[in-house]
Visitor: 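Pasting in a structure now, in structure tokens, and then I'll have a few things to ask.
A note on names: the letters A, B, ... follow the listed sequences, proteins ahead of strands, and every chain is numbered from 1.
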Protein chains: 2
Amino acid sequence: MITLTEENYIKAIYHLGKHGKNMVNTNAIAESLETKASSVTDMVKKLAEKDYLNYKKYQGVILTEKGRQVAVNIIRKHRLWEVFLVEKLNFTWDEVHEVAEHLEHIKSDKLINELDSFLEFPTHDPHGDPIPDKNGIFNTIDKISLSQANIGNTYKCIGVEDSSTNFLQYLDSNNIGLGTTITVLHKEPFDNSVKIKLHTKEMVVSQNVAKNLYLKVL
Amino acid sequence: MITLTEENYIKAIYHLGKHGKNMVNTNAIAESLETKASSVTDMVKKLAEKDYLNYKKYQGVILTEKGRQVAVNIIRKHRLWEVFLVEKLNFTWDEVHEVAEHLEHIKSDKLINELDSFLEFPTHDPHGDPIPDKNGIFNTIDKISLSQANIGNTYKCIGVEDSSTNFLQYLDSNNIGLGTTITVLHKEPFDNSVKIKLHTKEMVVSQNVAKNLYLKVL
DNA sequence: ACTAATTTTTAGATTAGTCTAAAAATTAGT
DNA sequence: ACTAATTTTTAGACTAATCTAAAAATTAGT
Ligand SMILES: [Mn+2]
Ligand SMILES: [Mn+2]
Ligand SMILES: [Mn+2]
Ligand SMILES: [Mn+2]
């Protein structure tokens, strides 16, 4: 039996360790889960005991294959529920995260596989993040951030790195969404801001925005 | 803030007190929640403190209006999710309860009201139980149990009292479901069993079955 | 009305998850 | 290499929810 709290730790460690491949330190987990380092130490000991991760005192933790599978399954559920909320229940992409944080812990294989089928097996969630299939396989698409894009080229927006309400609402208010076509006009060396053409309108976005917007070559 | 456990106690007390109208005693709650009487005593003290119910030592508990509203909202969510699972995700009526027990605790007004709308405002769940609207109003239909039905009359099956897997699968295997037409042929005084006509087939059901099947006059 | 059976409450302990404050280990700076 | 800063762990305490065992109150039977 795995608890909701354990699932949240495992998911956080997966994300912090870039798909569970790197070591993650105590303070990073504490910050991510808005808890204290001492609580994290207690919990990672328990998770190590249950074989979800390997823990070396003062060195940090890394997920085991068992832990990685748990993480991928929670992420699958989170992202499928996000698709459901947007496609079927009229949620906007900045409203789904909070509810999906709860729905992702519902345990029923039939539920999630039927939901997947009902949604016609979506490959990406409303933020452009890939949805693993029932075997945990991700369908990853090549992407670059707007910061890395080349002047003169035209791209399609396919995702965001930051899916905070603030950032998503900023994008909404500037008519940027998944599928939007963006041409890079100028990159300002001084502050790394980027001038882009959107539809017919031109605008300048900060480095912060540029780093958090993912594109693919058209 | 109300916890998941508190919600489950309040719901159980609502059902045991016949829509929260009657006093409920400690042992009944303990049995219903598969816990111990001592745990119930502790919890009802806490719920009384939070004004969800009135508690008199050794006398039992009764929900306050605030408690009744919490119960009705949980029941609304439980039954809407049951409809969703059957109508959209190919669950059978004997599979939905367990999953709905978890889904009913997800807290989001938008979620539940959009779900209601998506399902086109259903008035009854897959077991024939009424679904309160967003104001907590039940659309109750007059119903009698098969035990109370009259010989020679024809009825339509509109619900079940017991929604255990065993009972629902028994009904499935005898082709009895919501909407099934039933004519009462004979009532056996010895054991209160009932002989009925279903479609063209005749069969005898036990008193236990007859008491748990709800009908309306055609 | 009095005893016996039942129900309910209290007392004390346990587990999961968290916290603060202090100690220990690691890392960084000179 | 040694001290200072940072990170991490330990120790001890707290809350929510549960349990067992014992005590108290209520209800039932004669
Ligand atoms: Mn999300
Ligand atoms: Mn997402
Ligand atoms: Mn149910
Ligand atoms: Mn039901």
Side-chain angles (χ1 to χ4, degrees), chain A residues 1-17 22-63 66-67 70-71 74 101-102 104-107, chain B residues 1-17 22-63 66-67 70-71 74 101-102 104-107:
Chain A
M1 243 294 298
I2 189 167
T3 68
L4 184 149
T5 310
E6 288 169 347
E7 287 187 342
N8 281 334
Y9 271 86
I10 290 168
K11 186 178 62 152
I13 292 163
Y14 177 90
H15 284 307
L16 290 167
N22 305 306
M23 274 238 162
V24 180
N25 58 357
T26 303
N27 270 356
I29 300 168
E31 188 185 9
S32 161
L33 293 172
E34 296 180 88
T35 185
K36 302 291 164 168
S38 54
S39 306
V40 173
T41 300
D42 283 348
M43 180 57 86
V44 298
K45 281 179 182 170
K46 191 166 65 140
L47 293 174
E49 193 59 45
K50 290 188 169 188
D51 204 36
Y52 292 115
L53 49 79
N54 293 117
Y55 166 57
K56 277 276 181 48
K57 260 192 186 185
Y58 294 99
Q59 302 302 122
V61 300
I62 188 162
L63 291 180
K66 179 182 172 189
V70 168
I74 298 165
E101 282 298 309
H102 297 285
E104 73 187 3
H105 299 290
I106 304 286
K107 289 166 187 65
Chain B
M1 241 295 298
I2 189 167
T3 68
L4 184 149
T5 309
E6 288 169 346
E7 288 188 341
N8 280 334
Y9 272 86
I10 290 169
K11 186 178 62 152
I13 292 163
Y14 177 90
H15 284 307
L16 290 167
N22 305 306
M23 275 239 162
V24 181
N25 58 358
T26 304
N27 269 356
I29 300 168
E31 189 186 9
S32 162
L33 293 172
E34 295 180 272
T35 185
K36 302 293 163 163
S38 55
S39 305
V40 173
T41 301
D42 283 348
M43 180 57 84
V44 297
K45 281 179 183 169
K46 189 165 66 139
L47 293 173
E49 193 59 45
K50 290 188 170 189
D51 203 36
Y52 292 116
L53 50 79
N54 292 118
Y55 166 57
K56 277 274 180 51
K57 261 193 186 183
Y58 293 99
Q59 301 302 122
V61 299
I62 188 161
L63 292 180
K66 179 182 172 191
V70 167
I74 298 165
E101 282 298 307
H102 298 285
E104 71 187 4
H105 299 291
I106 304 285
K107 288 167 188 64

Visitor: Is Thr35(B) close enough to dT18(D) that one of its side-chain N or O atoms is under 4.0 Å from OP1 or OP2 there?
Guide: no
Visitor: Using atom CE of Met23(A) as one end and atom P of dT8(D) as the other, report the distance to the nearest whole Å.
Guide: 12 Å
Visitor: Is a donor on one side and an acceptor on the other found under 3.5 Å between the side chain of Lys107(A) and the backbone of His102(B)?
Guide: no
Visitor: Distance check needed: dT15(C) P versus Glu6(A) CD, whole Å only.
Guide: 15 Å
Visitor: Quick one: does Lys45(B)'s side chain have a donor or acceptor within less than 3.5 Å of a partner on Tyr55(B)'s backbone?
Guide: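 Pair absent, no side-chain N/O of Lys45(B) close to backbone of Tyr55(B).
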Visitor: For a 4.5 angstrom cut-off between non-hydrogen side-chain atoms, does His105(A) reach Ile106(B)?
Guide: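 His105(A) does not reach Ile106(B) side chain to side chain.
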Visitor: Show which side-chain atoms of residues 28-40 of chain A pair as donor or acceptor with protein atoms under 3.5 Å away, not counting sequence neighbours.
Guide:
none

Visitor: Figure out the CE/P separation between Met43(A) and dT8(D), and round it to whole Å.
Guide: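 Distance, rounded to whole Å: 18 Å.
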Visitor: Distance from Ile13(A) atom CD1 to Asn22(A) atom CG, nearest 0.5 Å?
Guide: 13.0 Å
Visitor: Find the distance between NZ (Lys11(B)) and CD (Glu104(B)) and round it off to the nearest 0.5 Å.
Guide: 3.5 Å
Visitor: Can you tell me if Asn27(B) touches the phosphate of dT6(C), counting only side-chain N or O atoms and a distance under 4.0 Å to OP1 or OP2?
Guide: no
Visitor: Output yes when at least one side-chain N/O atom of Lys45(B) is less than 4.0 Å from OP1 or OP2 of dT9(C), else no.
Guide: no
Visitor: Heavy atoms only, 4.0 Å cut-off, all strands: where does Thr5(A) land among base, sugar-phosphate and nothing?
Guide: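 The answer is sugar-phosphate, as Thr5(A) gets under 4.0 Å only of primed atoms, P, OP1 or OP2.
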Visitor: Looking for any heavy atom pair under 4.0 Å, which part of the strands does Ser38(B) touch: base, sugar-phosphate only, or nothing?
Guide: base
Visitor: If I take atom NZ in residue Lys36(A) and atom C1' in nucleotide dA22(C), what distance separates them, rounded to the nearest angstrom?
Guide: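 Whole-Å distance recorded here is 16 Å.
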Visitor: Atom CG of Asn54(A) and atom CG of Leu47(A): how far apart are they, to the nearest 0.5 Å?
Guide: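 Here the interatomic distance stands at 11.5 Å.
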Visitor: Side chain of Lys66(B), backbone of Lys50(B): donor and acceptor closer than 3.5 Å?
Guide: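 Yes: the side chain of Lys66(B) pairs with the backbone of Lys50(B).
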Visitor: Closest approach of Gly67(B) and Ile10(B), non-hydrogen atoms and distance?
Guide: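 Taking Gly67(B) first and Ile10(B) second, the nearest heavy atoms are O-CG2, 3.4 Å.
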Visitor: With a 4.0 Å cutoff (strictly under), does any side-chain N or O of Thr41(A) reach OP1 or OP2 of dT9(D)?
Guide: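 So the side-chain polar atoms of Thr41(A) do come within 4.0 Å of the phosphate oxygens OP1 or OP2 of dT9(D), strictly under.
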Visitor: Can you tell me which stems DNA chain C forms, taking runs of 3 or more consecutive Watson-Crick or G-U pairs with both distances under 3.5 Å?
Guide: C:1-30 with D:1-30
Visitor: Heavy atoms within less than 4.0 Å of DNA chain C: which residues of residues 54-61 of chain B have one? Give them sorted by number.
Guide: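 The stretch gives Tyr55(B), Lys57(B), Tyr58(B) as the residues lying under 4.0 Å from the strand, ordered by number.
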Visitor: Using a heavy-atom cut-off of 4.0 Å across all strands, would you classify Asn25(B) as base, sugar-phosphate, or nothing?
Guide: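 Counting heavy atoms under 4.0 Å across all strands, the contact made by Asn25(B) is with sugar-phosphate only.
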Visitor: Expressed in angstrom and rounded to an integer, what is the separation of Glu31(B) atom CD from dT7(C) atom P?
Guide: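 It works out to 11 Å between those atoms.
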Visitor: Ignoring the backbone of Thr3(B), work out which of dT18(C), dT9(C), dA16(D) is nearest its side chain.
Guide: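 Closest of the options to the side chain of Thr3(B): dA16(D).
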Visitor: May I have the distance from Leu4(B) (atom CG) to dT15(D) (atom P), rounded to whole angstrom?
Guide: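 Spelled out: CG on Leu4(B) to P on dT15(D) is 21 Å.
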Visitor: Specify the separation, in whole Å, of atom CD1 of Ile29(A) and atom C1' of dT18(C).
Guide: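 Roughly 16 Å, once rounded to whole Å.
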Visitor: Atom CD1 in Ile2(B), atom OH in Tyr52(B): separation rounded to 0.5 Å?
Guide: 3.5 Å
Visitor: Atom OH of Tyr9(A) to atom P of dA16(C): distance rounded to whole Å?
Guide: 14 Å
